[in-house]
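Note that the structure is a prediction, hence the values are computed from the model and not measured. Position 1 is the first residue of the sequence; numbering continues from there.
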Amino acid sequence: MKVTVNGTDREVPTDTNVTQLLACLKILPERITVEINLDVIRREAYDHSHLEDGDLIEIISFFGGGADVG
């Protein structure tokens with residue numbers, strides 16, 4: 001089936017869940033947030049959140065940095 005991940009179309013097997021998608025993309029779940037069709041998915045629900053054909057997925061990563069306050 002086809003899903004869109006951060007604006008890129010991808011083919012994934014039927015019954016893929018968020019954990020499997022992240023493993024396929026080699027993304028560690030510790031510092032990201034996943035949205036499916038604009039709904040934020042809680043990390044505890046990744047194993048139970050199965051993708052559906054046509055889903056729009058956003059994977060948002062966080063990183064440190066910012067203004068120097070010295």
Quiz item: Are more than 12 heavy atoms from other residues, nucleotides or ligands located less than 6.0 Å from atom CZ of Arg43?
Solution: yes
Quiz item: Would you find more than 12 non-hydrogen atoms of other residues, nucleotides or ligands less than 6.0 Å from Glu35 atom CD?
Solution: yes
Practice problem: Please write out which residues are connected to Val12 in a hydrophobic cluster, directly or through intermediates, given that two of Ile, Leu, Val, Met, Phe, Trp, Tyr count as joined at side-chain heavy-atom separations below 4.5 angstrom. | Solution: Met1, Val3, Val5, Val18, Leu21, Leu22, Leu25, Ile27, Ile32, Val34, Ile36, Ile41, Tyr46, Leu51, Ile57, Ile59
Quiz item: Does one side chain, of Ser49 or Asn17, offer a donor that lies under 3.5 Å from an acceptor on the other?
Solution: no
Self-check item: Straight-line distance of Ser61 OG to Asn6 CG, nearest 0.5 Å
Solution: 8.5 Å
Self-check item: Atom pair CD/OG1 of Glu52 and Thr14 - distance to nearest 0.5 Å
Solution: 11.0 Å
Practice problem: Output yes when a side-chain donor or acceptor of Arg10 lies under 3.5 Å from a complementary backbone atom of Lys2, and no otherwise. | Solution: no
Quiz item: Yes or no on side chain to side chain contact (heavy atoms under 4.5 Å, CB included) for Thr4 and Asp55, after CA distance, side-chain angles and deciding distance?
Solution: CA-CA 6 Å; Thr4 303; Asp55 276 347; over 6 Å; no
Quiz item: Which atoms form the tightest heavy-atom contact between His50 and Asp47, and what is the distance?
Solution: NE2-O, 3.9 Å
